[in-house]
2 protein chains.
Amino acid sequence: MSRCENCIIRQFNSLRAMSKEELKRVSDTKTTKILKKGETIFEEGEKLNGVFCVRGGVSKLSKLSSNGKDQIVKLATKGAVLGQRSVISEEVANLSATAVNDMEVCFIPKDAIVDTLNSNPNFAVEVLRHMAHDLKEADDVIVNMSQKTVKQRVAEAFIYLEDNFGVDDKGYLALTLSREDIANVVGTATESAIRIISEFKKLGLIKASGKKIAIVDAKGLADLAVGI
Amino acid sequence: MSRCENCIIRQFNSLRAMSKEELKRVSDTKTTKILKKGETIFEEGEKLNGVFCVRGGVSKLSKLSSNGKDQIVKLATKGAVLGQRSVISEEVANLSATAVNDMEVCFIPKDAIVDTLNSNPNFAVEVLRHMAHDLKEADDVIVNMSQKTVKQRVAEAFIYLEDNFGVDDKGYLALTLSREDIANVVGTATESAIRIISEFKKLGLIKASGKKIAIVDAKGLADLAVGI
DNA sequence: TTCAAAACATGACAATTGTCAGTTCATCCT
DNA sequence: AGGATGAACTGACAATTGTCATGTTTTGAA
């Protein structure tokens, strides 16, 4: 089985601040899981006894609102460590993680993480930096959600998808989401998202081939997103 | 001048994980500031060379949206440490901090914080725990902002204010916010907030005496907030 | 391949929310 | 006290968004 010491993914997350010995321990206790699209990694309210390091594929982190709708709070890809927050605060998970794609994740039991946190300041600070970054992103999302129109948020979502997941050889967004997922990222009704996507197509901002979407007029989309 | 070693506020935040010597260093380098209502502690985009420990009063942390409106992301009170996130990620502040009240804050130069983070795992982990908590709260705000109606959000805001800042001897919310600030917490137009507040008064959910607001029917308000 | 289920799409309408305009009220300064 | 300033409030209307109903296309399993 592959070893964390040789895993490139590690360079993208806080595990890179671990010493050789610490990493060895992680590697000895970790297990690897393959998940198919739609499967859940963990659910809101579940007690996690470890974290999940994403080696491939994309996961959506979502939370059920009291009105019964799902809100996607974040999309996590290669290098992301899921469940870290819950393990650190010793609370149940506040989000659900679901595979949007076929995924490969490594489960790392929490002791290896917690012990390293308590003994290796480099690692603790590295985790802290990542969490500080996540917090900033979350603050930005709050502002966007509360101050922008649905149309602006959809435009932003496409830009975000292109920036973070890239495009395929034909220029289509590498990450394909269902209209429902897009609606749940943006925080709107599925019908509203569909209508806006249709409008964007008519305006020549995007084009679509089946479920795949490509940004045609990046400038126009960006202008729309900031309200021009 | 008062010393951090004797400061009770410390018990509410991550400074409690500092050793005697570390605390002494903080105390020797800190300065205390008195701020009047409306004054700013720091602004979005500013480079911070330290953090601010709130000893008294309340601060609003807000961010300007591209459409020109302010969104209040968080209200911080006694014990809160402001600017921590920016110092840790070595980025400019992503939020502005303004006194909602008369305030007393201590400024702690960043070296004392950063050096302790790098050498004392207990402190690093304690800061991490606080940040994990903030992140969870931010996720909840994202869900509320995107999935709840303005009316529900206003109801939640009052409950939040009562839970976090308490009431005075007559039962009125201890923290008095302008209608504009309430609107900016909730992410809506000032007029909409005012209208909803009037409606809540008519429904007997709250009462008002001048700017002061009191919750009359906590159950009714809570039901409304979750959509019953 | 064929059929059922799910996803996508659109119309019609209702509800929510924002905007603009104007009035009243409170506060603060000289 | 008087007046100026800003906050609080209200009405009317427009724009946005959600909901329900219904049809079409795509997808996936038998």
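So you know, we letter chains A, B, ... as the sequences are listed, proteins then strands, and number each from 1. Because the structure is a prediction, the values reported are computed rather than measured.
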When rounded to whole Å, the CD to P distance for the pair A:E180 and C:dA9 reads 14 Å
Please assess A:K136 against B:S89 for the test side chain to side chain contact (heavy atoms under 4.5 Å, CB included), listing each intermediate value before the final yes or no. CA-CA 10 Å; A:K136 177 188 171 151; B:S89 28; over 6 Å; no
Would you say a side-chain N or O of A:T190 is under 4.0 Å from OP1 or OP2 of C:dC8? no
Using a cut-off of strictly less than 4.0 Å, decide whether B:K69 has a side-chain nitrogen or oxygen near OP1 or OP2 of C:dT19. yes
Whichever of A:R179 and B:E191 has its nearest DNA chain C nucleotide further upstream toward 5': A:R179
Whole angstrom value for the distance that separates P of C:dC20 from CD1 of B:I194: 16 Å
Roughly, in whole Å, what's the span from CD in A:E199 to P in C:dT10? 12 Å
Could you give all pairs that pass the ring pair (Phe, Tyr, Trp, His ring centres under 6.0 Å) test and reach residues 37-96 of chain A, with sequence neighbours left out? A:F42-A:F52, A:F52-A:F107
Name the residue closer to the 5' end of DNA chain D, choosing between B:K201 and A:K211 according to the nucleotide with the nearest heavy atom. B:K201
May I ask you to say whether B:D139 pairs ionically with A:K74, meaning some side-chain N is under 4.0 Å from a carboxylate O? no
Hey, where on DNA chain D does chain B first and last touch, going 5' to 3'? Cut-off is any atom under 4.0 Å from a heavy atom. D:dA7 to D:dA12
Test side chain to side chain contact (heavy atoms under 4.5 Å, CB included) on B:N101 and B:L35; report intermediate values, then the result. CA-CA 8 Å; B:N101 263 329; B:L35 292 147; over 6 Å; no
Residue mapping more 5' on DNA chain D - nearest nucleotide basis, A:I196 or A:K37: A:I196
Separation of atom CZ in A:R195 from atom C1' in C:dA9, rounded to whole Å: 9 Å
When every non-hydrogen atom of A:I88 is compared with those of B:R129, the smallest separation belongs to O-NE, 3.8 Å
May I ask you to decide whether B:D181 forms a salt bridge with B:K60, counting only side-chain N to carboxylate O separations under 4.0 Å? yes
